[in-house]
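Shown next, in structure tokens, is the structure this report addresses.
Chain letters run A, B, ... following the sequence lines, proteins first and then strands; every chain starts at 1.
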Amino acid sequence: MDTEPPSVLSSPLPLLGRVVATERRPNTAFEFHFWTALDAPVGIGSIVRADGERPVNGQVPIVYGVVTEGLSYTDLQSPLHDVLGHDGEPSHATAAATERAEIRLYSAAVLRQIPEEPMQPVPMGRVHLADDADVAAALRMDGYLRDGESRGIPVGVYHGGGVESPIYLDADFLVGPEAAHLNITGVSGLATKTSAAEWLIASLFAHFPASKGSVAAVCFNVKGPDLLFLDQPGELDERDRAVYERLGVPAEPFEKVEYYAPYTARGYTLNTLRSNEALSANVHPLTWGLREVLQYAEVLLNRDDVDAKADALIDFIKERVIDREFTDPLLRRPYRVQTFGELEEWFRDLLMAIEGRGGGGDSWRTHHVATIRKVRNRLSNISTRCAGLVTDDGAVSDLPFGNLSDRTVYVVDVAMLEEDAQDLIFARVVSKLREHLERRDLGVNHVVVFVDELNKYAPSDGPDTYVRKMLLDISERGRYLGLVLFSAQQFRSQVHRRVVGNAGSSLYGRMDADELSTPGYAVLSPAIRTRLATLDRGQMMVRHPHFTQPIFMRFPRPAVMRGRDGVEQYPQAEEPTLEAAILRSLLTLDRSLSLSWVQDVIALASEEEALRARNVTLLARPADVRSFFAAQFRAVVGARTPGRPVVAPALRVLADDDPYGF
Amino acid sequence: MDPSFRSAQRTLQGWAPDLPLQADGGAPLETLGRVVEPPRLLAAPVVEDSALRARPVGGEPEVGFLAFLDGIQRSRVLAYHDGLPVVFGVVAAVIRLRVNRRLHSWTGGPLVERRIYLPLAYLPSELAAHFRAAGLDVVDTTAVGPDQAIPIRHPLALLDRAIHLVQEDREGAEQTLAERWCNAERAPIFIDGGLNKSELVARSPNAVGVVKSHRTLYVEGDALDQVFRLRGGERSSVFRIPSSRRTPVASWYLRLRDPAGHDPLFGLVRVEAADAELAGESLPALTARADRLSRWILAESSPLSLPDGRWDRMVYGIRDCEEYLRAVI
């Protein structure tokens, strides 16, 4: 990449127009006007270069600008004159021998001036369309595209006048530490937001500077099958492939993708649309126990319902009861609570003991019995509300925190979960990522978290939820840790402004007119807003700290299978029997297992015991799956195995001289 | 303001630093209406009919012209030297070629001439030399005119003479371009004004002059009524404009727009074309030519030349020439 500013004589592109200024419409240091021929290939969003004609301090000024407004008019003073001229008959207009003199007048916002000092109004001069080198200079990309130390992450191609020029984002401003985060906005249904995120993560993986270490992505699939086939190839046309080649990004699906989903409430299968057996190898269960959930109880508990007293009791349980031996004079035995089941048992015994004691009042350790009942109700309810994710037995299957792999996408499918469970997963996963990044033991140096429907998690209004506070924290401090938020939503104006405001880079797809009328878009010219309302698929407007003005660009279709294609090609598996569900899960560990073997092993076990054995096996990933799985049942059903025959104790024989047995 | 006007003022100031300059050059002299030709009626021999009458042009308007020629002039007083006007005049002419219904300048662009108009008889000759040394042509406004008289030392008389001379220079520039066209091209050209100042142009089968002003009407008596009664799309019989000093031309009146509710000259133009007699043209051929050229002119009545005040008689191609020239001088 040429880093030198292009000289006046170097532009190979034909003359486009001339700078023009009048007293009523003067040029400034930030805006200039130019006219072109009627057929000039220029439009709103085109990047142009104006060459001055007189040197300033010995250097001929070059000004780069992006077209923000276009006007067209004729010498007609009143529309009525045209009507009169054609006798009021529109068909007569085409018969006129001569077309009226017409002008194409454009306004451009200055992107960059060379030299930068002194900053002067744009001089009169010739105007050309920008070529590759001009685009790089205009967007100040030359500062981070130096050979050998490039920090450029391709985001798309700028198209203008038949020229396609690559647009790069600065990695330091995309993933930190200078700035970070990316926000994508646009209306639904135009395959733009999710596609843009998929494309940009692929581009990031391909071009992430070696000096910055490793990077992984954690994506939350919040709707349908959007992100469920990232490891499968998608359809690309020649134009897309050309863009991939131009930008140096492999036109292939992600090489390493791991999927995580909770079980369904019944617990037989994972609650995901990616349930086809052919794709099950990299789909893992996501289950948490009491300890994991209680850490984030705040996410699930209604703040209006749980007051300070309840908070105090929850804190007491977390600190004094969970995962340690708990004894109390009121209780008959020591307790070691590790599962929801054990917690429920502890609550039950405690309440019975409180109610059973005579004259002891309604309190236990300063906690009123009503508060204890309320907390019991709320906590016990969690395993019901988050069934499939939260296990009663405490089995934990989690993302490999501490062992995340470079250039790997971890997809957490929460699309089919209730809102509470989604919030819980989101809060805990992101918090764990942050904890590990703070300790620098996540396994990678940087992690991109992609969240769609951001307006749901960080709304501009409504209660201050745990999730929103956490998103604010990431957006304001994540760049120092390497925790980067790629977020998307339909209406940017409905997202907390500190979240979107901290996004260093922003992409805008086609926008809704109502959204464009909100104050956040007032800085854009009417023509830019109109163009935003008419963008086609794959077209976006990008804002980046190095770009002084928003730039329109196009990105290729992601090289991954679209969600709806994926569910057609890999239809969702039907709800299996218990035996079939267990077999399907265990086959990911040992392909030699058979349905008959599973049926034999679990024949005498209850459904709960069989599922628990499966979960433990999947978590342990033993070398000998058969033995390990079978062993789980021996422990549980051992009491049923025949033991030694019970022999009645022999009657003592009375001594002859002791008739009373003494 | 034409930058060359300022330049001429600086030149003048270089010679006479204390001479008070006209701050803004004042209004263009052309807008002051100083020289007004008196209206008159002149009889001209009718060659197409026994007496002048209205003739329908026949057929639909058709596009025939490839180009349009017009010129403009602008003159302003630089300063008054001893009470006498020193006038700066600029004249320009252009041919606008029609390609794909859009107008472009013909090869070579416009012809632009700038001159100083001085009453040399009453001013020091060094002043003229000073202007010439600065590269400006000087025209003597006190030279003997067509009336064989030297203008009196009255500022208004000298201004009238200056305007007249600027007008002659403008006509000269138009004539130069018209001759270039007739020499170089074989396609019809629409010329604003009369043809007969140049023999080459007046004889050319490709040049058509269209006169918008009617200070002189070439009809008298009943013929005048016939002209006033012309309806939109009608023309008069062809008559001949003879001249002892100039080449005679064929001419006729043509009504571009219906005059109902307007003055009698509304939409009326006078067309000049090569003389039939000189060309050895038969009467039917002359009639056919007059009808064809009239249809060509009628085809130019759209688009309208509004907001120009002469829009009822001015075709858009001529307005385009004037707008172009106003932009470049």
Side-chain angles (χ1 to χ4, degrees), chain A residues 14-27 33-42 52-54 70-106 121 123-127, chain B residues 1 3 59-68 70 94 96-105 187-190 232-233 256-258 261-262 266-267 295-312 314-328:
Chain A
L15 189 63
L16 182 72
R18 286 195 61 82
V19 178
V20 65
T22 61
E23 192 171 354
R24 284 188 178 181
R25 191 187 276 263
N27 292 333
H33 314 285
F34 64 96
W35 63 268
T36 70
L38 296 182
D39 57 353
V42 63
E53 291 168 345
R54 292 187 180 80
L71 298 173
S72 165
Y73 54 90
T74 67
D75 57 0
L76 198 64
Q77 199 173 46
S78 160
L80 188 60
H81 296 166
D82 208 41
V83 176
L84 292 173
H86 300 110
D87 295 328
E89 281 296 327
S91 59
H92 290 183
T94 54
T98 309
E99 290 183 0
R100 286 187 175 277
E102 188 179 344
I103 185 174
R104 293 279 193 276
L105 181 65
Y106 294 95
M124 299 305 109
R126 295 170 298 173
V127 177
Chain B
M1 179 62 68
E60 291 295 312
E62 55 186 277
V63 178
F65 294 109
L66 185 71
F68 300 84
D70 194 12
V94 69
R96 300 281 282 169
L97 199 64
R98 182 158 55 197
V99 180
N100 292 331
R101 300 175 70 209
R102 289 203 176 274
L103 295 166
H104 308 267
S105 293
I189 184 169
F190 184 118
L256 298 180
R257 304 175 199 283
D258 203 88
H262 298 278
F266 180 84
R295 287 196 295 273
W296 290 3
I297 295 167
L298 286 168
E300 302 300 335
S301 61
S302 177
L304 294 184
S305 298
L306 283 166
D308 195 292
R310 303 161 293 172
W311 68 273
D312 58 311
M314 177 188 271
V315 302
Y316 186 80
I318 295 303
R319 173 176 158 76
D320 180 84
C321 291
E322 293 190 359
E323 289 296 306
Y324 173 85
L325 292 171
R326 281 191 199 103
V328 298

Measuring from atom [atom1] of [X] to atom [atom2] of [Y], what distance do you get when rounded to the nearest 0.5 angstrom?
X	Y	atom1	atom2	answer
B/Ser305	A/His81	OG	NE2	11.0 Å
B/Asp320	A/Glu99	CG	CD	12.0 Å
B/Leu306	A/Leu76	CG	CG	8.5 Å

Heavy-atom closest pair, residues [X] and [Y]:
X	Y	result
B/Arg102	A/Arg100	NH1-O, 3.0 Å
B/Ala299	A/Ala97	O-CB, 4.0 Å
B/Pro307	A/Asp75	CD-O, 4.3 Å

Give me the one residue out of B/Arg319, B/Arg98, B/Arg96 that meets side-chain hydrogen bond (donor to acceptor under 3.5 Å, both in side chains) with A/Thr98. B/Arg98
